[in-house]
Peer 1: 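Attaching a single structure in structure tokens format; questions to follow.
A, B, ... follow the sequence lines: proteins, then strands. Residue 1 opens every chain. Note that the structure is a prediction, hence the values are computed from the model and not measured.
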Amino acid sequence: MRTRQDHRLERLDDHWLRLPNRWDVPVEICAGPGVPLEPAAVDEALSLLETADTLARLAEATGFDGPEPRITRVVLTPDLHKGAGIPIGTVLETENALLPQAVGNDVNCGMRLEVTSLRADRVRSRLDRLEKRLRHLFFEGGRRVALTPAQREALLREGLPGLLLTGDTPWRGLQPTDADDAVDRAHLPWFPARTAEAFADWIGSAGGASYDSIIGGIGGGNHFVELQYVSEVHDPAAAHAWGLTPGTVVLMAHSGSLSLGHQANGTALDLLRAGWPAGLPRPRNGILPFLPGERTEAARRRYLDAFANAANFALGNRFFLALTMRAGLAAEYGELTSRPLYDAPHNLFWPDGDRTVHRKGATPAGGHAETAGGPHALWGEPVIVPGSMGASSFVLRGHGNPRSLASACHGAGRRVPRGATARGGDAELDAFLREFRIVTPLDHRDPLVARRSDVMAAWRRDLKQEAPWAYKDIGPVVSSLAAGGVATPVAELRPLLTVKG
DNA sequence: ATGTGC
């Protein structure tokens, strides 16, 4: 299928497009002819580029005498769609500038993939019983992760490795493994958090160990925890190395930093507004950057600490989500192993000297250079691309393509805006729910449910926003990544059971 | 996307 091309885009070859702009910033999109691109998202990308002017004006107004702050490259992924100010599916490379909004509110939203010792036929044989267990564990008060204030603080400051060193943290008799430790240590190499002051309320909310109302929650929107099985192998050598043999059951968790990332981003915007030079108009696109230097040092440091705290929390939360799923599986099928293959961040930046790569709704796809010395040096970075509910997901291996800023898409991409899914579609949703095994929170319209604080409730309207027809077909999206030299498929995964936040 | 709408 060929979709009509946006007149502002120029096709470079079969799988790359260019967005010409008056700032001469290289803006490239990896998308084949079968991938629809939302015009509103292209509008938003052009509006983002006005930040090039903001950087120049801010530097002048503040007498900034360091090296020129600039946008050096933008990559838009094939799952591009309109976000709040900056498109979801944007990779932004800057020099001498940091843009909190280019990672978005949900700091370190990401994807964890674990390879279990279970086989699909065994899991399939008792899905009814497993479903009941998971509904209880995730939504009906069965989660109950107990952490002391010291443990909460350690999680924020030093991530999961820090938490594991702070007293006993067994949960339902399950302990993290060496593989967890290796994945979690590899995840956050950039800057440890110094202070958790922004989250003092959450840390200090109990005297002793108490059950946590936040950690272990899935979140909403497109977040989920899913059991899948390997249905097809596309790259036998890499699949074998990663344990992705046909019929193997895997666990996928997509979740973010819940309320913590929002608080971190809010802190950044408050600080940026407070420090904005008097007399300089605020930018039309609403995007406020940090420039380096002493003038902004204190504010930047406070933001980076809150950012790292939220990022650490998100990684830890995905670990707890996996642990919850492991607990359900162990209760139903007996002892098992579940080894994390990867935990990939979607919303994050990496300052590296003067250069910063920001990703908002995009996933790293490093090759040999980016993974050198690590466990994935041989095959490249695992790239996890989930399809919409009920559809296949893919695991690919990254090629570190500099054209893509070593980045790939983080999903199939929304086709219908959230707001446009409210009307109709109820019969289709019912049919979908009969066909696929989707474990959802309890119905929020039920007055008995709404009054109970120990259960999760959700609206049907939210579920409709995540219906399969609201998303693009994942096939052309994955083909674009492969043909565009970004990442190549290793294995295809089909859903067995989805726990939907 | 957010412990639950402007």
Peer 1: Is there a side-chain polar atom (N or O) of A:His346 under 4.0 Å from OP1 or OP2 of B:dA1?
Peer 2: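 The answer is no; no side-chain N or O of A:His346 sits under 4.0 Å from OP1 or OP2.
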Peer 1: Name each donor-acceptor pair under 3.5 Å that joins a side chain in residues 34-44 of chain A to protein atoms two or more places apart or in another chain, with its distance.
Peer 2:
unit_1	atom_1	unit_2	atom_2	d
A:Glu38	OE1	A:Lys82	N	2.9
A:Asp43	OD1	A:Arg8	NH1	2.5
A:Asp43	OD1	A:Arg8	NH2	3.3
A:Glu44	OE1	A:Gly83	N	2.8
A:Glu44	OE2	A:Gly85	N	2.9

Peer 1: Mind checking if A:Gly219 touches a base, just sugar-phosphate, or nothing, with heavy atoms under 4.0 Å?
Peer 2: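 If one applies the 4.0 Å heavy-atom cut-off, A:Gly219 turns out to touch the sugar-phosphate alone, with no base involved.
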Peer 1: Between C1' on B:dT4 and CD1 on A:Ile218, what's the gap in Å once rounded to a whole number?
Peer 2: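 Computing the A:Ile218:CD1 to B:dT4:C1' distance gives 15 Å.
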Peer 1: Starting from P on B:dA1, measure out to CG on A:Leu348 and report it in whole angstrom.
Peer 2: 16 Å
Peer 1: Starting at the 5' end of DNA chain B and moving along, which residue's nearest nucleotide shows up first, A:Asp462 or A:His254?
Peer 2: A:His254
Peer 1: Could you tell me how far apart A:Met111 (CE) and B:dA1 (C1') are, to the nearest whole angstrom?
Peer 2: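 So the two atoms are 14 Å apart, to the nearest Å.
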Peer 1: What is the distance, to the nearest angstrom, from the CG atom on A:Asn317 to the P atom on B:dT2?
Peer 2: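 That distance rounds to 10 Å.
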Peer 1: Applying salt bridge (Lys or Arg N to Asp or Glu O under 4.0 Å), which residue pairs with at least one partner in residues 253-269 of chain A are found, sequence neighbours left out?
Peer 2: none
Peer 1: Nearest-Å distance, CG (A:Leu463) to P (B:dA1)?
Peer 2: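 Spelled out: CG on A:Leu463 to P on B:dA1 is 14 Å.
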Peer 1: Regarding A:Ser257 and A:Asn317, is there a side-chain donor-to-acceptor distance under 3.5 Å anywhere?
Peer 2: no
Peer 1: Have a look at A:Ile214 and say if it touches a base, only the backbone sugar-phosphate, or nothing, with a 4.0 Å heavy-atom cut-off.
Peer 2: nothing
Peer 1: Examine A:Phe307 together with A:Phe349 and report whether their ring centres are nearer than 6.0 Å.
Peer 2: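 Aromatic pair counts; centres sit under 6.0 Å.
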Peer 1: Give a yes/no answer on whether the side chain of A:Arg418 brings an N or O atom under 4.0 Å of OP1 or OP2 in B:dA1.
Peer 2: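 Indeed, a polar side-chain atom of A:Arg418 lies that close.
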Peer 1: Counting side-chain heavy atoms from CB outward, which of B:dA1, B:dT4, B:dT2 is closest to A:Asn105?
Peer 2: B:dA1
Peer 1: Whole angstroms only, please: what is the NE2-P distance between A:His262 and B:dG5?
Peer 2: 15 Å
Peer 1: Atom CZ of A:Arg143 to atom C1' of B:dG3: distance rounded to whole Å?
Peer 2: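 After rounding, the gap between these two atoms is 10 Å.
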Peer 1: Ring of A:Trp202, cation from A:Arg152 - is the NZ or CZ under 6.0 Å from the centre and inside 45° of the axis?
Peer 2: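 Relative to the ring axis of A:Trp202, which defines the angle, A:Arg152 lies inside both limits.
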Peer 1: From the options B:dT4, B:dG3, B:dA1, select the nucleotide whose nearest atom is closest to the side chain of A:Trp459.
Peer 2: B:dT4
Peer 1: Nearest whole Å is fine: how far is B:dT2 P from A:Glu466 CD?
Peer 2: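 Value for this atom pair: 10 Å.
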